[in-house]
There are 2 protein chains.
Amino acid sequence: MKHLTTFRLIDAIARTGSIRSAAEQMAQTPSAVQRRLQAYEEELGYQIFDRSPGGVRLNAAGELVIQHVRETMAETVRLRSRIADLSGNRRGHVSLGCSQALVPYFLPARISAYQAEFPRVTFDVQVLEHRAAALALEDFTVDAVLVFSDGGVPEYEVILAVPQTLAAVMARDHPLARHDSLRLWQCYDYPVIAANRGFGGRTLLERSLYDKTFARAPVLETNSFEYLKAHVAATDAVTFQIQIGAPDPGGTGEIVSRPIDARDVPGGQLLLGKKHGRNLSVAASRFVEDIRKQLAEAYPD
Amino acid sequence: MKHLTTFRLIDAIARTGSIRSAAEQMAQTPSAVQRRLQAYEEELGYQIFDRSPGGVRLNAAGELVIQHVRETMAETVRLRSRIADLSGNRRGHVSLGCSQALVPYFLPARISAYQAEFPRVTFDVQVLEHRAAALALEDFTVDAVLVFSDGGVPEYEVILAVPQTLAAVMARDHPLARHDSLRLWQCYDYPVIAANRGFGGRTLLERSLYDKTFARAPVLETNSFEYLKAHVAATDAVTFQIQIGAPDPGGTGEIVSRPIDARDVPGGQLLLGKKHGRNLSVAASRFVEDIRKQLAEAYPD
DNA sequence: CATGGCGTTGCTTGAAATGCACCACCTGTC
DNA sequence: GACAGGTGGTGCATTTCAAGCAACGCCATG
């Protein structure tokens with residue numbers, strides 16, 4: 001929207017930390033950007049960026065302004081969504097932040113189901129860890145988040161929280177796959193591979209092993225979940241994944257999962273959240289509601 | 001603010017109901033206004049106004065847009081207020097809607113007290129009846145309301161509600177003035193004059209008289225509270241006013257008031273309210289808090 | 001001490017918004 | 001049924017405002 005160009009500019013400057021890079025990002029010359037910013041500051045009566053030779057930084061007033069700017073831009077897309085909604089053809093855009101565990105199965109299923117009903121709704125999925133997700137909510141880069149948290153009070157509004165335990169992931173013909181459910185010590189009869197520290201499931205695993213005598217460091221760590229899958233499929237190694245991100249226990253793929261006995265795993269939670277007090281677009285709120293229902297059914301209290 | 005000119009225009013068109021009169025109000029030519037509107041509608045992808053030879057009217061999409069427009073403009077003044085606030089010199093603007101009863105004593109006292117502390121805060125006081133007050137809150141023309149309500153669930157957020165009974169108003173040397181408090185029937189020994197139907201106190205009076213045998217129609221009705229006062233001061237007539245709008249019982253002016261026994265008057269309420277979910281400017285929220293405290297002290301539960 | 005990044009500014013150019021005059025239309029009135 | 005007087009809409013000339021270019025001064029870094 002035309003009348004928001006100054007706001008987009010201010011947002012870009014705040015994000016990049018420099019007028020010149022913001023100009024490049026907006027396909028304009030630095031002088032144009034500089035002038036718009038200057039005009040806005042003059043109109044406001046206050047500087048909103050502190051200038052330094054290395055770039056610019058928001059000052060106290062700027063922090064208030066950028067909040068207003070981002071909220072206004074978010075409100076604008078919400079307005080468009082609501083208008084489109086009342087003319088029947090539901091279009092819109094939903095921007096999500098989620099943990100990696102939601103990527104392989106859950107979110108694709110939900111999004112494609114939603115898009116089957118509303119093909120004109122577009123999605124943006126960002127994989128974020130818990131802390132980054134909170135920040136993204138705060139500055140309006142995502143409408144909602146679906147993230148795994150192993151504790152701590154989130155500073156966003158939690159729409160739904162469902163408990164999540166771990167599942168062991170292994171090849172379909174793996175000896176462990178004969179059991180319906182596993183104790184953690186059973187898995188350590190085989191080589192254990194795991195995601196790097198920092199991923200939600202890994203933290204949960206560490207805490208599960210805290211006082212266990214059979215605990216050993218994983219024989220392999222990686223930041224690639226693709227690698228974990230491939231490795232598990234080809235060997236007798238075992239890895240772990242949060243329930244919702246694990247392959248279907250009864251699936252027919254190369255790898256399957258078995259739940260770990262709840263006694264062995266301290267409770268982690270999958271949180272569906274949005275920014276406090278934020279009004280979502282029609283599309284976004286419908287989708288969030290969709291997920292909420294789905295999760296509430298899948299994990300009845 | 002420059003980037004809001006289109007919004008101001010749209011607001012003006014919506015209020016006046018015609019492009020030409022909006023243009024006049026904004027000191028522009030109709031063609032300029034027409035073009036801006038057209039440009040905005042094109043950008044949005046939807047018409048906002050239904051055109052007719054007699055003028056224009058908001059359509060369904062327009063209703064959503066005007067809501068957004070007004071909210072955005074209100075948010076902008078709030079932003080300015082917050083920025084001004086952190087630089088120390090508190091300035092700002094507070095727009096209030098109130099019942100007539102608040103005009104003679106209560107509000108002037110509170111506002112002047114507030115302005116003594118913060119001289120750069122400006123005020124706008126609109127006398128509105130209960131229903132109009134709700135509308136004014138809704139379309140952001142007032143920040144908060146302080147109105148008398150004789151029942152019904154208000155659709156705005158009630159910050160504080162205090163009970164209000166009636167007071168009889170009479171000349172200082174009136175025989176009734178010898179009592180500390182009055183029963184309603186006592187007043188009807190004298191000519192009763194009253195405000196027109198529609199004013200808060202009048203409704204309360206009507207309901208108080210509902211099943212009373214001594215009830216008589218007022219010997220005079222007027223829409224001028226100034227007239228009521230003058231008449232009462234000059235004759236032995238009696239009139240009624242909501243407590244908070246009545247002269248000080250111990251005052252030294254030409255007229256005094258005496259409370260009516262609570263048994264005779266069904267409960268009315270004075271409501272302090274704001275729009276649901278709306279964030280007020282620093283100045284406005286401080287002032288509202290000021291009033292809330294004052295009322296809570298004056299009418300302890 | 002040079003170099004390369006940064007913010008800032010004077011001047012010129014181009015585009016976009018405005019104002020003017022005018023059209024087409026409907027509505028009520030004489 | 002002609003006629004004002006109001007409405008929204010538009011082509012064209014003009015003005016105003018924003019963008020681009022090039023250059024300056026600054027400071028941190030190597």
Side-chain angles (χ1 to χ4, degrees), chain A residues 1-63 65-66 69 72-73 76 83, chain B residues 1-63 65-66 69 72-73 76 83:
Chain A
M1 295 232 87
K2 197 69 159 304
H3 67 277
L4 290 180
T5 49
T6 304
F7 279 7
R8 275 194 298 271
L9 236 46
I10 290 175
D11 186 43
I13 298 172
R15 285 186 194 283
T16 62
S18 109
I19 292 180
R20 289 186 117 96
S21 43
E24 188 172 3
Q25 183 178 318
M26 301 263 103
Q28 283 194 324
T29 51
S31 80
V33 175
Q34 150 78 359
R35 293 229 145 88
R36 282 202 105 101
L37 172 60
Q38 218 164 31
Y40 184 80
E41 287 181 329
E42 191 156 342
E43 213 170 19
L44 194 66
Y46 299 88
Q47 285 220 339
I48 60 178
F49 287 100
D50 282 340
R51 270 73 162 177
S52 63
V56 296
R57 260 229 339 255
L58 287 166
N59 61 19
E63 293 292 345
V65 170
I66 198 68
V69 161
T72 302
M73 293 196 299
T76 302
I83 291 178
Chain B
M1 296 232 87
K2 197 69 160 302
H3 67 278
L4 290 180
T5 49
T6 304
F7 278 7
R8 274 194 299 272
L9 237 46
I10 290 174
D11 185 44
I13 299 173
R15 285 187 194 282
T16 63
S18 109
I19 292 180
R20 288 184 116 94
S21 42
E24 188 172 3
Q25 184 178 316
M26 300 264 105
Q28 283 197 322
T29 51
S31 81
V33 175
Q34 151 79 357
R35 295 228 147 87
R36 281 201 104 101
L37 172 59
Q38 220 164 30
Y40 184 80
E41 287 181 329
E42 191 157 341
E43 212 171 22
L44 194 66
Y46 298 89
Q47 283 221 340
I48 287 180
F49 289 98
D50 283 340
R51 270 73 161 176
S52 63
V56 296
R57 260 232 337 259
L58 287 165
N59 60 20
E63 292 292 345
V65 169
I66 199 68
V69 161
T72 301
M73 293 196 299
T76 302
I83 290 178

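Bear in mind that the values here come from a model prediction, so they are computed numbers and not experimental data. We name chains A, B, ... by the order of the sequence lines, and we start the count at 1 in each one.
Taken to the nearest 0.5 Å, the CD1 atom of B:I13 stands 12.5 Å off from the CZ atom of B:R15. For the atom pair CD1 of B:I19 and CZ of B:R35, the computed distance is 11.5 Å after rounding to the nearest 0.5 Å. In this structure, CG on B:D11 lies 9.5 Å from OG1 on B:T16, to the nearest 0.5 angstrom. Separation of atoms CZ (B:F49) and CG (B:N59) is listed at 8.5 Å; rounding is to 0.5 Å. Between atom CD of residue B:E42 and atom CG of residue B:L37 there is a gap of 11.0 Å, rounded to the nearest 0.5 Å.
Two residues, A:K2 and A:L37, neighbour DNA chain C, and the one matched to the more 5' nucleotide by heavy-atom proximity is A:L37.
Only B:S31, B:Q34, B:R35, listed by number, bring a heavy atom of residues 25-35 of chain B to less than 4.0 angstrom from any atom of DNA chain D. Within residues 55-63 of chain B, the residues having any heavy atom closer than 4.0 Å to DNA chain D are, in order of number, B:G55, B:V56.
A:T72 places a side-chain heavy atom less than 4.5 Å from the side chain of A:L4. Side-chain contact between A:Q28 and A:L9 is present, with at least one heavy-atom pair separated by less than 4.5 Å.
Atom CG of B:D50 is separated from atom P of D:dG8 by 13 Å (rounded to the nearest Å). Atom CZ in B:R36 sits about 17 Å away from atom P in D:dG9, given to the nearest Å. If you measure from atom CD of A:Q38 to atom C1' of D:dC17, you get 15 Å, rounded to the nearest angstrom.
With hydrogens and angles disregarded, no donor-acceptor distance shorter than 3.5 Å links the side chain of B:R57 to the backbone of B:G55. A donor-acceptor contact shorter than 3.5 Å is absent between the side chain of A:E43 and the backbone of B:M1.
Note that the first and last nucleotides of DNA chain C, 5' to 3', having any atom under 4.0 angstrom from a heavy atom of chain B are C:dA17 to C:dC26.
At a cut-off of 3.5 angstrom, the base of D:dG8 holds at least one donor-acceptor pair with the side chain of B:R20.
Using cut-offs of 30° and 60° on the angle between ring planes, the pair B:Y40 and A:H3 is tilted.
Of all non-hydrogen atoms in A:Q47 and A:A61, the two that sit nearest each other are O-CB, 3.9 Å.
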